[in-house]
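Single-structure report; data block below.
The structure presented is a predicted model; accordingly, all values stated were derived computationally and were not measured.
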Amino acid sequence: MSLGNRIKSLRKAHNLTQQKLADKVDVSRIYVQALESNRRLPSMKLLQRLAPALDVEVNDLLMDFSTQEKPGRVQLESMLDNGELEIWYRSKKLTDRELHRVYKLIEAALDDWDAEDNSAKSTSKN
C-alpha cells in the first residue's frame with residue numbers, strides 16, 4: 001500500500017476532510033490531495049506532524065504492509081475502502097455489498113468494544 005493511500009485511509013477513518021487534515025498539519029488542502037495521490041512525498045518534518053494528526057506513529061505511515069506478517073489496522077481499512085485487493089472467503093469472492101456488510105460488522109464490534117471500555121472505566125472510577 002502506498003504512503004498516499006495510508007494517509008487517505010487514516011484521514012477517512014478519523015472522519016477528517018482534506019481541509020481539516022491540512023489545517024491540523026499546517027499545509028494546503030491541495031498539498032494533502034497531492035500527498036494522497038502520491039504526486040508529492042512529505043518531508044520528515046511533515047511526517048512528524050501527520051502522524052499525531054492521524055493518531056499513528058511515523059513508522060506506521062512509512063511501513064511497507066506487504067512485508068508484514070500480521071496485517072495492521074491501516075491495511076484492513078484500505079482493503080475495505082479502496083478495493084485494492086480481491087477479498088475471498090471460503091473460495092468465494094466477496095461482492096461490494098458483502099464487503100459493506102463485513103465493514104458494518106467490524107464497525108459494530110468496535111463500537112461494542114468502545115462501549116465496554118467506557119463502561120469499565122466508569123465502573124473503576126466509582
Side-chain angles (χ1 to χ4, degrees):
M1 175 190 329
S2 71
L3 175 58
N5 284 338
R6 281 187 214 112
I7 293 169
K8 183 177 183 178
S9 179
L10 285 166
R11 176 181 60 77
K12 287 183 173 185
H14 287 84
N15 296 315
L16 294 171
T17 63
Q18 287 180 339
Q19 185 62 57
K20 285 182 183 176
L21 179 59
D23 292 343
K24 281 184 151 202
V25 298
D26 198 29
V27 297
S28 70
R29 183 196 62 79
I30 299 299
Y31 195 83
V32 170
Q33 185 181 37
L35 290 172
E36 289 182 355
S37 62
N38 295 303
R39 292 189 318 263
R40 297 290 305 257
L41 288 174
S43 66
M44 185 51 88
K45 286 183 181 182
L46 180 55
L47 283 171
Q48 290 171 337
R49 294 193 313 262
L50 279 168
L54 297 170
D55 197 28
V56 295
E57 300 291 325
V58 172
N59 289 346
D60 296 328
L61 289 174
L62 299 174
M63 188 178 298
D64 179 7
F65 290 105
S66 63
T67 60
Q68 268 187 295
E69 288 182 24
K70 295 181 181 179
R73 179 184 89 183
V74 176
Q75 184 179 17
L76 179 59
E77 288 173 357
S78 177
M79 288 185 333
L80 292 173
D81 289 341
N82 299 331
E84 288 183 350
L85 301 173
E86 290 182 353
I87 300 177
W88 292 70
Y89 182 72
R90 293 186 180 175
S91 301
K92 178 185 174 214
K93 181 181 175 189
L94 299 183
T95 65
D96 288 342
R97 185 174 182 198
E98 291 164 333
L99 286 175
H100 183 69
R101 284 185 190 149
V102 169
Y103 187 77
K104 286 175 29 180
L105 287 169
I106 292 169
E107 289 294 320
L110 291 173
D111 289 345
D112 285 350
W113 293 337
D114 286 343
E116 289 173 8
D117 288 346
N118 291 335
S119 176
K121 286 177 186 175
S122 66
T123 303
S124 66
K125 288 181 181 179
N126 296 332

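Using a 4.5 Å heavy-atom threshold, the side chains of Y103 and I106 count as separate. You'll find the side chain of L21 reaches within 4.5 Å of the side chain of L50, heavy atoms only. Looking at V27 and L35, their side chains never come closer than 4.5 Å, going by heavy atoms from C-beta outward. No side-chain heavy atom of L54 sits less than 4.5 Å from a side-chain heavy atom of D60.
Rounded to the nearest 0.5 angstrom, D23 CG and K20 NZ are separated by 9.5 Å. Taken to the nearest 0.5 Å, the CD atom of Q48 stands 9.0 Å off from the NZ atom of K45.
Nearest heavy atoms, K8 versus E36: CA-OE2, 3.5 Å. For the pair S2 and N38, the tightest heavy-atom approach, listed with the atom from each and the gap, is OG-ND2, 3.0 Å. In terms of heavy-atom proximity, K24 sits nearest to A53 at NZ-O, 3.7 Å.
R40 is linked by a side-chain hydrogen bond (donor to acceptor under 3.5 Å, both in side chains) to nothing, counting only residues two or more places apart in sequence or in another chain. For S28, the side-chain contact (heavy atoms from CB on, under 4.5 Å) criterion is met by I30, Y31, not counting sequence neighbours.
For Q19, the CD atom counts as densely surrounded, since its 6.0 Å shell holds more than 12 non-hydrogen atoms of other residues, nucleotides or ligands.
Between the side chains of R39 and S37, at least one donor-acceptor pair of N or O atoms lies under 3.5 Å.
The backbone N or O of L16 lies less than 3.5 Å from a partner atom in the side chain of R11, making a donor-acceptor pair.
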